[in-house]
Peer 1: 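Handing you a structure now.
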Amino acid sequence: MFCPKCSQQQLSESVRFCSRCGFPLEVVSELVTNDGALTTRDVQTPPVRQSSLRRKGMQEGAKLTLGGLVLTPFGYALCFVFDSVIPVMFPLTVFLAGLAWMAYHRFFGDPTALPPAPASFIETPARNFALPAERSIAASLATNTAEIGQPSSVTEHTTRLLDGE
């Protein structure tokens, strides 16, 4: 098989890119094997799992409830330090707020409403397996190598010293 872009002969039929110019050869090999017919390709996007607002709200309430449970021993210990009931009120309030949050979303949350998907999940661009385009420097910007002086020889200084003696 030959590359349609640069006419480089490929060593194997199973190569994906041209070894000289990087042109993608998968479609070319498909055309050759199918006598010029190109099969349609379906882009497979992985399904995005979205939970309902009800489930999300109940999860947030569970986090608050768990946070209240974790803070309760600290509040209880502070009750003895300050000899007051006030330090345990904060974890108790967080715990009860979590329970109320879960109850609200359990009974009043909409089980079918889904949160809007981020824009990156809505449209997935097709993957481009091609190599980047060739980069070349314009001839007017290139340095003329004839103008660059030749480096001196490593032995030139030693030769001058020996000639001087």
Peer 1: Answer yes or no: is there a side-chain heavy-atom contact under 4.5 Å between Gln8 and Ser19?
Peer 2: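 When only atoms from C-beta onward are counted, Ser19 and Gln8 do touch, with a gap below 4.5 Å.
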
Peer 1: Write down the atom of Cys21, the atom of Cys18, and the distance for their closest heavy-atom approach.
Peer 2: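 Nearest heavy atoms, Cys21 then Cys18: N-SG, 3.5 Å.
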
Peer 1: For the CG atom of Leu99 and the CZ atom of Arg106, what is their distance to the nearest 0.5 Å?
Peer 2: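 So the gap between those two atoms works out to 14.5 Å.
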
Peer 1: I need the minimum non-hydrogen distance between Gly98 and Leu64, along with the two atoms involved.
Peer 2: CA-CB, 3.5 Å

Peer 1: Is any side-chain heavy atom of Phe82 less than 4.5 Å from a side-chain heavy atom of Pro87?
Peer 2: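 Yes, side chains in contact.
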
Peer 1: Heavy-atom distance under 4.5 Å between the side chains of Pro4 and Leu25, does that happen here?
Peer 2: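 Of all side-chain heavy-atom pairs linking Leu25 with Pro4, at least one is under 4.5 Å.
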
Peer 1: Does Tyr76 share a hydrophobic cluster with Val70, counting links as ILVMFWY side-chain heavy atoms below 4.5 Å and allowing steps through other members?
Peer 2: no

Peer 1: What's the separation between atom SG in Cys3 and atom CD in Gln9, rounded to the nearest 0.5 Å?
Peer 2: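 If we round to the nearest 0.5 Å, Cys3:SG and Gln9:CD are 12.0 Å apart.
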
Peer 1: Which atom names give the shortest non-hydrogen contact between Phe17 and Gly22, and what distance separates them?
Peer 2: CD2-O, 3.4 Å

Peer 1: Would you compute the distance between atom CG of Leu71 and atom CG of Leu66 and round it to the nearest 0.5 angstrom?
Peer 2: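 Taking CG in Leu71 and CG in Leu66, the distance rounds to 9.5 Å.
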
Peer 1: Restricting to pairs with a member in residues 60-69, which pass side chain to side chain donor-acceptor pair (under 3.5 Å), not counting sequence neighbours?
Peer 2: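 Non-adjacent pairs meeting side chain to side chain donor-acceptor pair (under 3.5 Å): Glu60-Trp101.
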
Peer 1: Hey, could you give me the CZ/NE2 distance between Arg54 and His105, rounded to the nearest 0.5 Å?
Peer 2: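 Answer rounded to 0.5 Å: 11.0 Å.
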
Peer 1: For Phe108 and Tyr104, take the angle between the two ring planes, folded into 0 to 90°, and tell me which bin it lands in: parallel under 30, tilted 30 to 60, perpendicular over 60.
Peer 2: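 If you compare the ring of Phe108 with that of Tyr104, the planes turn out tilted.
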
Peer 1: Give a yes or no on whether Leu69 and Leu92 share a hydrophobic cluster (residues Ile, Leu, Val, Met, Phe, Trp, Tyr; joining criterion: side-chain heavy atoms under 4.5 Å apart).
Peer 2: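 Leu69 clusters together with Leu92.
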
Peer 1: Using side-chain contact (heavy atoms from CB on, under 4.5 Å) as the criterion, point out the one residue from Thr93, Val88, Val94 that pairs with Phe90.
Peer 2: Val94

